[in-house]
Amino acid sequence: METLGFFDQVYEVVKLVPPGRVTSYGAIAAYLGSKGSARMVGWAMNQSHKMSYNIPAHRVVNRKGLLTGKAHFGGYDVMRQLLESEGIIIEGDQIINFGERFWDPAKELFPL
DNA sequence: AACTTGACGGTCA
DNA sequence: ATGACCGCCAAGT
């Protein structure tokens with residue numbers, strides 16, 4: 001029986017992303033296996049603001065390192081400011097040096 | 001109950 | 001390299 005829903009598992013992973021690093025919707029979905037798709041992770045982030053927990057949703061971007069979710073942070077550049085405050089450089093909506101900033105749960109975390 | 005809409009990503013032309 | 005297409009499936013209409 002599943003104690004935790006898919007969304008909860010997503011939130012657990014996101015909370016483990018270190019400051020100054022980012023991961024992607026697809027990477028989280030892959031880490032959680034066949035339980036959900038990247039779209040579901042995106043939907044989980046969409047709902048994350050309703051959670052009492054503090055979810056660092058700004059550390060989740062798309063697979064190219066683009067800030068595709070920025071519109072959901074209230075102000076137009078809130079997501080960008082949060083990332084820059086952690087030392088991440090952004091031009092336009094693109095994270096610079098995305099390869100070095102990328103944090104892959106499948107490689108950094110133990111298997112589920 | 002049926003149809004549309006995405007914070008996505010892989011494939012193919 | 002760029003763009004269309006499509007599978008994914010929870011929520012909102």
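Numbers restart at 1 for each chain; the letters A, B, ... are given by sequence-line order, proteins then strands.
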Sub-3.5 Å pairs of nitrogen or oxygen atoms, protein against nucleotides 11-13 of chain C:
none

With the criterion being N/O to N/O and under 3.5 Å, what pairs connect the protein with nucleotides 9-13 of chain B, and how long is each?
| from | atom 1 | to | atom 2 | distance (Å) |
| --- | --- | --- | --- | --- |
| B:dG9 | OP1 | A:G26 | N | 2.7 |
| B:dG9 | OP2 | A:R63 | N | 2.8 |
| B:dG10 | OP2 | A:R63 | NH1 | 3.2 |

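Nearest approach of A:Q47 to A:F7, heavy atoms of both residues: CG-CE2, 4.1 Å. The shortest heavy-atom contact between A:P105 and A:T23 is CD-OG1, 3.4 Å. Contact detail for A:V60 and A:M45: the closest heavy-atom pair is CG2-SD, 4.0 Å. When all heavy atoms of A:A29 and A:G36 are compared, the closest pair comes out as CB-O, 3.8 Å.
In this structure, CD on A:E100 lies 9.5 Å from CZ on A:R21, to the nearest 0.5 angstrom.
A:Y11 places a side-chain N or O within donor-acceptor distance of the main-chain N or O of A:A44, the cut-off being under 3.5 Å.
Among A:I88, A:L67, A:T68, the single residue meeting the side-chain contact (heavy atoms from CB on, under 4.5 Å) criterion with A:V61 is A:L67.
Counting to the nearest Å, the P atom of B:dT5 and the CE atom of A:M40 are 16 Å from each other. Here B:dA7 presents its P atom at 17 Å from CG of A:L83, a figure rounded to the nearest Å. Computed from coordinates, the A:K70 NZ to B:dG6 C1' distance equals 17 Å when rounded to whole Å. Summarising the geometry, the separation between NE2 on A:H72 and C1' on B:dT5 is reported as 11 Å, rounded to the nearest angstrom.
Residues forming a salt bridge (Lys or Arg N to Asp or Glu O under 4.0 Å) with A:E86 (at least two apart in sequence, or on another chain): A:R59. Partners of A:F102 under the ring pair (Phe, Tyr, Trp, His ring centres under 6.0 Å) rule, at least two apart in sequence or in another chain, are A:F98.
Legend: salt bridge (Lys or Arg N to Asp or Glu O under 4.0 Å) pairs involving residues 63-73 of chain A, not counting sequence neighbours, sorted by first then second residue: A:K70-A:D93.
Secondary structure note: stems in DNA chain B built from 3 or more consecutive Watson-Crick or G-U wobble pairs under 3.5 Å occupy B:2-6 with C:9-13, B:8-13 with C:2-7.
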